[in-house]
Amino acid sequence: MNQSANASRQFDAVVVGAGFSGLYMLHRLRELGMSVKAFESAGDVGGTWYWNRYPGARCDIPTTDYAYSFDPELEKGWTWSEKYATQPEILDYLRYVADRHGLRSDIEFSTEVTGARWDEQEKRWRITTDRGDEVWCRSYIMASGCLSVPKSPDIEGASRFAGPVYFTSRWPHEGVDFTGQRVAVIGTGSSGIQSIPLIARQARQLTVFQRTPNFSIPAHNGPASADRLMQLAGDRDGYRHAARWSRGGVPGELTDILGVTASDEVRRQRFEAAWEEGELFGILGVFADQGLNPASNDIVAEMIREKIRSAVDDLPTAEALCPKDHYFGTKRPCLDTGYFETYNLPHVRLVDLRTQPIISVTEAGIDTAGESFDFDAIVYATGFDAMTGALTAVDAIGRDGVSLKEKWATGPSTYLGLMTAGFPNLFMITGPGSPSVLSNMTVSIEQHVDWIADCLSHLTAEGLDTIEPTALAESGWDQHVRDCGAITLHPTANSWYMGANVPGKPRVFLPYIGGVNAYRQACDDVVSQGYLGFRLTGPGEDRCTDGIIRRMQPDVAIVLEMMAGMGLPPLESLPVADARAFMAAAGATRPPSPEVGEVTDSVMPGPGGDLAYRLYRPAESEGPQPVVVYFHGGGWVLGDLDSDDPLCRDLCARTGMIVVSVNYRHAPEDRFPAAALDAFAAVQWVDANAASLGGIPGQLAVAGWSAGANIAAVACQLARDAGGPAIRGQLLISPVVDSDMSRPSYADNGDGYVLTSALMRWFWDYYADPADRVDPRAAPLRGDLHGLPPACIVTADFDPLRDEGLAYARALEAVGTPVVDIQARGHTHTSLTMVGVVISGAPVRAEIAEALRGFVQADASMGAALQEPAAAG
Ligand code: N01
């Protein structure tokens, strides 16, 4: 560090940006007594609301909610004039905030931060600006916005146009008068959709160039909702608290109504109510499953398309305006005022770039394939390099000389969207991997600012000077962010959420979609666990509690939360009959299972009498298929043909194999070894009758889940000992293979994940006497493992049985048996079987199906096309 640097140019913190986030950050740090300098490239405060001055610019979250909550006096002193305030009003509000808290004195306007370099020795950032400033700071905070770097126009000849060119994101302060002009607007995202109706009011001729039609609903702007104002007036703190712990950052009830199961009447009624309300979260939450299930999404999407068709007179124009290439909500929907109706004006024309793409911008206008247009002005409403653009625009160089741009070359990687490893003390407000753009930004901004301020104050109090995430914590969070996105429809869209709007940008789902509430909880948990996943250092200090804050699949966590909320009695506290009735009742509420070709119930002979079985035959397949004999779970006590019906259908549909699910005898009526003997008998019978069942003789596999996997494994050992039947493979999903409950997975997962240690003990007590529990027919891990069929062993992270399943896999491998080892990350003992409920189980079941097919594929005639299940996941 240059020791002669002017001491006044050293700060505790530098904040980049003076919009909503920068202003509040500055305020909080000053409150903490820190020296702070903020840099802002604009001439005044406001951020997004400083730059986006195009006609019609408004917020799309009701302004009662799109405001700071940290200062009650601020709220008392400001009244919003409309439900969705205009850009000038929001900018005035931010000026009012800056004035009230005297923030301007610490902001250098019209100054862009151009470089930042971490000095490892000094443990400080060296910041440089376009004015040649050089300042040093301990903490470097990017409050630079998610949608602040305009996308450069990727259109041929863009610089050739001789007339004026306007960007919605950099609109002239003095405004633009289009009166009498022929105007082109390129882009139909929120900026285009908000500005087009107003530009049409002035222009002599308006031509809109649309590449992708967008979903938009009427904003129904007007006075702020009386109901909201009343709630705020009645209990401001309660209202703001509810916002902070809501899913999107605006208080409101979430529905549990599913689009796929609701009646037409309920669907219509819920949709129309949301349409009338004119709010984003309302229309995005008509059904609980619309963001996850294509069928549910289509219901909402089609109702919006109906509205578009009824608003636009010209049929081809209406059709061209109807979005059909992405699911509703996977690109940011818009709120408009008279957008679609604008196309009924005689001087407004839509050009569909899908049918006539732009060839080039010319001196006089725009040439498309087939037509030449002359214009007096061109407006670009072509969007932003979202979420990462502003962060990588500053060439930040972290430890070891690596730049942020280099580190993020294949997509951003963050811990909590707040920090990134290798860049100590660099904080991002609403960075990638945080709810940010999917939420009410002001709520998310305040949460991030508060977290950062609390963190810096903690460092100071503890005499520490740096904080940085660990690689483990960061990769764990990245994975969690991906897991949350993967169960939604978002990854299917070419949206800016996916980075798909910027040519060459890595395709990654950028924001965190787990919800503002879940996210806040994760951030709080990190702190309460001693800044889990962060390394904190100071003179003579190096503290790190390493770990991953969220490892469970998000939908599994939701199911567990719902179950916990229902206050269900532990199964082991119930009489067996009641436990069985409870299971049956729970099964009745499941969503529809995947379709298969045919399902038939019948009986086969067993050692203790007839055994009921259910045969699932794949759809659209000809000729005989390989057969898998399946045994349901339920601890040898519970379960029946219905309990595992969805899983059997799923296996059948995915593999194209016949599944014969066998209902063996249960304890306590029939204790050990009845179930195991039934299983072996069933395998023998199916093998002997394969042809008459429609199967290929000799193409036989066994499968089971939990206790069903236990008897499947035992059946393989018994078949080997008996010299047949020949079994091609064994699929053991979360198997019970031992009675030893001292393995670490019992300690890790013995409570809170549905299958508990107590329940497992209850099962064992009903099934087998302690002396019998070491018999290989009860604990196959204790048997001779030579000469067994190839296995696919599925274990789940949050399963008490995880370690015995892994032990069985290792033991089989040790004697030379091929094993496909599928470790279901973030799953529980039961979650993989929740077909249609736990969406994250679907890819794991696809792997399972592949392994099962692999057992028989080598020489089986798999002529039939293997179809995907109709409602997989
Ligand atoms: O940008 P966008 P935006 N040739 O990326 C098209 C927030 N916001 O500024 O979809 C032809 O959404 C592009 O087409 P396509 C809000 O979060 C909020 O409108 O890529 N067309 C698209 O139609 C919003 O989502 C408000 O095929 C090209 C449009 O330009 C976000 O900011 C108001 C093209 C860009 O739409 C961004 O909105 C405004 C090309 N080469 C913005 N390149 C509020 O209401 C791009 N397009 C608060």
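Just so it is clear, the values below take in all heavy atoms, side chains as well, and ignore hydrogens, waters and symmetry mates. Counting convention: from 1, in listed order, for ligands and their atoms alike.
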Ligand 1 versus [X]: contacting region, heavy-atom distance under 4.0 Å:
{"X": "Gln210", "result": "neither"}
{"X": "Tyr54", "result": "side chain"}
{"X": "Leu353", "result": "side chain"}
{"X": "Ile186", "result": "side chain"}
{"X": "Leu147", "result": "side chain"}
{"X": "Ile155", "result": "side chain"}

Does an N or O anywhere in [X] fall below 3.5 Å from an N or O of ligand 1?
{"X": "Asn501", "answer": "no"}
{"X": "Thr168", "answer": "no"}
{"X": "Ser191", "answer": "yes"}

Working for side chain to side chain contact (heavy atoms under 4.5 Å, CB included), residues Tyr54 and Gln194
CA-CA 9 Å; Tyr54 60 85; Gln194 285 185 331; 2.6 Å; yes

Tell me, do Tyr166 and Ile199 make a side-chain contact under 4.5 Å, heavy atoms counted?
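Of all side-chain heavy-atom pairs linking Ile199 with Tyr166, none is under 4.5 Å.
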
Who gets closest to atom 41 (N) of ligand 1 by heavy atom: Asp154, Ile90, Asn52, Asn214?
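Ranked by closest heavy atom to atom 41 (N) of ligand 1, first place is Asp154.
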
Option of least heavy-atom distance to atom 29 (C) of ligand 1 (set: Ala57, Ala381, Ala158, Pro357)
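Looking at heavy atoms only, the winner is Ala381.
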
Let's go through Phe20 and Tyr68 carefully: what are the C-alpha distance in whole Å and the side-chain angles of both, what is the deciding distance for ring pair (Phe, Tyr, Trp, His ring centres under 6.0 Å) to 0.1 Å, and is it a yes or a no?
CA-CA 8 Å; Phe20 263 102; Tyr68 289 122; 5.0 Å; yes

On the 0 to 90° scale, with breaks at 30° and 60°, tag the Trp80-Tyr93 ring pair as parallel, tilted or perpendicular.
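Correct class here is tilted.
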
Assess, by modelled atom type and distance only, whether the side chains of Asp177 and Thr179 contain a donor and an acceptor separated by less than 3.5 Å.
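Distance-only check passes for Asp177 and Thr179.
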
Does ligand 1 have any atom that is closer than 4.0 Å to a heavy atom of Tyr497?
no

With side chain to side chain donor-acceptor pair (under 3.5 Å) as the criterion, how do Tyr24 and Asp450 come out once you've worked through the C-alpha distance, each side chain's angles and the decisive distance to 0.1 Å?
CA-CA 9 Å; Tyr24 181 41; Asp450 288 339; 2.5 Å; yes

Roughly how far, to the nearest 0.5 Å, is the CZ atom of Phe178 from the CG atom of Leu198?
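Rounded to the nearest 0.5 Å, the CG-CZ separation comes out at 11.0 Å.
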
